[in-house]
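Order of listing sets the numbers, starting from 1, for every ligand and every atom in it.
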Amino acid sequence: MIKSILSKSLVLLFGMTLFYACQKGKMKEIIFPSTDLSSENLIPKPLKIIPTHNAFGLDHTTAIYTSQTDKSFEEVGSFLADKIKSKTNLRLAVNKTDAGQVNRMIFINQSDSEELEGPEAYQLYISKDSIILNAKTSEGAFRGVQTLRQLIPETSNDTLAEMPLWPIATGKILDKPNFEYRGSMLDVARHFFSVDDVKKYIDLLAYYKINALHLHLTDDQGWRIEIKSWPKLTEVGGSTEVGGEAGGFFTQEDYKDIVAYAQQRYMIIIPEIDMPGHTNAASVSYPILNGNGKTPKLYEGTAVGFSTFDTRKDTVYAFIDDVVREISAITPGPYFHIGGDESHVTKKNDYIFFVNKVEKIVQKYGKRMIGWDEVAQADIDNSSIAQFWDSEKNAIEASRKGMKVIISPAKKAYLDMQYDTLSKHGLHWAAYIPVDTAYVWSPESYAGIPKENILGVEAPLWSETISNIDELEYLAFPRVIGYSELSWSTEENRNWENFKVRLANQAPYMDRMNVKFYPSKLIDWKESRFTYKTIQKD
Ligand code: TNX
């Protein structure tokens, strides 16, 4: 109650400031050409848009104010100010009472309105003089800020007023996500990617309201996260990668840095330690862990399914306990991914025994277990989550057990699948996935899993064929933008013909962010004002 009175009085105060500014004749009426909020190029498409066909003029006399009752709202306001600065070069004041001449305001408001369903819901009320962004939580405000960023034109209109001005279409947006989990995965094990690469990917994903980044931290070819109690994992196991290149790993400080960066963007990091298969790098580092009967050697190839932990050795579980403990302690998100895929040389009963035991370790450290769909074969708890990548049978079994499922079918959602036979990078064991195929399907009904069992959608990017950020971007963009819409927007609001146009209009943003996206010929890409054009002819 007090909170809402406080925020109402803030609105009133700044409303009065605006009123007096107008009275004094400081503000000239600007006549905007007609706008249509409902045809703006927003991705993911919001739940409801009601246009009012006028415009808010964003310029140097605009200021940002936020609810003062919650510090994190102010941080969201500063994030918006930074992004406006890098897009328009306008430096807007945040919560300053002496902000100079303020003609228009953006107010980010903590609201307890019942219309806001869930922590990520937000409402945007855009009128000529003010933009009010309502959300229950700063997380919802952050999602709304992404919508607002997308509504700001890439170029100013310099004919409407004396100073550059960015017209924002007026109206009302009511929005909330269709699925609570909207993710991508990055495989840093087959090829290592630096902290800066991961941060760039996080930034791009956050712009499209993706809220989970799953890091595939270990595999046969490399162990990429420092474990203080088992130092050889990175000393030995981190030294290689596919194709004989140098490898690398994140120290725990690096990992914390990534986690904090993601957290500022309301994104969780899901660490994956893949086991009992895909464990060659761990077994080379500590041969006592090995269960395939051979002497493990460093591996730089791309075959899968040849390694396994010894599932009947106590040392293996003591090791896993240490790994889960150390990583969980620096992971604020609720999940821990144990892999569990393609354990082709682990006997079925050993596999089940293993998954059951590891689930308990994960729970002991306060996390919910996620595993690739094979884990549904074990006797696991319905609080654990199966990630459907390959077997519909396993996915259905998981939902029958009351588990939640993350939808990532390789045929539809794998970012490492080639676009077509001419693609420079990627594999095609599951399918070729052109930009339309990636978008035109329904996670809601793909495998007959009841919607209430679906936690969300994730698009994994495996890195056997990519070794730098340009190649990463070639596979991820533009497809991952479509996956953001598949997980945020409702089925009724998704439409390929309409999406195609909105996607075409992401080119200027991607160019500005120096994203080397794949310029699919299915899309009529919008020309960009940026000189470093990425559109190659191939
Ligand atoms: C299958 S998907 C794998 C990965 C490979 C990927 C390549 C999954 C759970 N396992 O080990 O990198 O295919 O597309």
Side-chain angles (χ1 to χ4, degrees), residues 183-193 214-224 240-243 270-282 299-309 335-346 351 354-355 358 369-378 384-395 397-398 405-420 423-433 437-438 446-447 457-467 471-472 474-476 479-480 483:
S184 181
M185 185 210 82
L186 180 61
D187 172 9
V188 293
R190 269 51 175 275
H191 280 101
F192 184 60
F193 291 86
H214 163 188
L215 289 176
H216 183 76
L217 291 166
T218 66
D219 213 301
D220 292 321
Q221 300 86 346
W223 184 286
R224 310 289 179 215
T240 46
E241 61 183 10
V242 167
I270 292 131
E272 178 188 349
I273 301 297
D274 201 353
M275 50 195 169
H278 291 273
T279 44
N280 182 71
Y299 183 67
E300 295 167 343
T302 58
V304 294
F306 62 88
S307 56
T308 182
F309 280 156
Y335 307 115
F336 192 102
H337 201 306
I338 67 148
D341 57 314
E342 299 173 318
S343 289
H344 301 325
V345 295
T346 321
Y351 177 84
F354 179 87
V355 172
V358 175
M369 187 187 89
I370 307 180
W372 296 106
D373 62 51
E374 288 95 324
V375 299
Q377 300 162 4
S384 292
I385 295 152
Q387 185 166 6
F388 168 38
W389 69 283
D390 181 45
S391 161
E392 242 170 82
K393 190 164 158 265
N394 287 336
E397 175 63 11
V405 178
I406 296 171
I407 306 287
S408 307
K411 280 182 227 164
K412 292 286 180 193
Y414 265 27
L415 289 168
D416 66 316
M417 291 298 116
Q418 292 176 310
Y419 293 94
D420 57 33
S423 287
K424 281 191 282 187
H425 309 287
L427 303 168
H428 55 259
W429 65 264
Y432 290 104
I433 309 186
T437 307
Y446 181 72
V457 183
E458 179 183 298
L461 179 49
W462 301 97
S463 64
E464 285 94 332
T465 66
I466 53 171
S467 58
E471 295 168 0
L472 179 165
Y474 171 92
L475 286 177
R479 289 181 292 196
V480 75
Y483 297 124

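Of the options Glu342, Glu374, Gln387, Met417, the smallest heavy-atom separation from atom 1 (C) of ligand 1 is shown by Glu342.
The aromatic rings of Tyr414 and Trp429 lie perpendicular to each other, with more than 60° between the two planes, well past the 30° mark.
Atom 5 (C) of ligand 1 has Glu464 OE2, 3.3 Å as its closest protein atom, hydrogens excluded (heavy atom only). Protein heavy atom at the shortest distance from atom 10 (N) of ligand 1 is Asp341 OD2, 2.9 Å. Given atom 2 (S) of ligand 1, the protein heavy atom at minimum distance is Tyr414 OH, 2.4 Å. Looking at atom 13 (O) of ligand 1, its nearest protein heavy atom turns out to be Trp429 CZ2, 3.4 Å.
Shown here are the salt bridge (Lys or Arg N to Asp or Glu O under 4.0 Å) partners of Asp187, two or more places apart in sequence or in another chain: Arg190. Scanning for salt bridge (Lys or Arg N to Asp or Glu O under 4.0 Å) contacts around Glu300 gives an empty result, with sequence neighbours left out.
For the pair His278 and Thr218, the minimum side-chain heavy-atom distance is 4.5 Å or more.
The atoms of ligand 1 that sit less than 4.0 Å from any heavy atom of Leu427 are 7 (C), 14 (O). Interface of His278 with ligand 1, defined as ligand atoms under 4.0 Å from a residue heavy atom, comprises 11 (O). Contact atoms of ligand 1 toward Asp416: 7 (C), 14 (O) (distance under 4.0 Å to a heavy atom of the residue).
Side-chain contact of His216 with Glu272: a donor-acceptor pair under 3.5 Å is present, judged by distance alone. If you check the side chains of Glu342 and Trp389, you find no donor sitting under 3.5 Å from an acceptor.
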Exercise. Could you walk me through whether Tyr483 and Leu415 pass side chain to side chain contact (heavy atoms under 4.5 Å, CB included), step by step?
Key: CA-CA 10 Å; Tyr483 297 124; Leu415 289 168; 3.6 Å; yes
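In this structure, Arg190 counts as a contact residue of ligand 1, since one of its heavy atoms falls inside 4.0 Å of the ligand.
Proximity of Asp187 to ligand 1, defined as any heavy-atom pair under 4.0 Å, is not found for any part of the residue.
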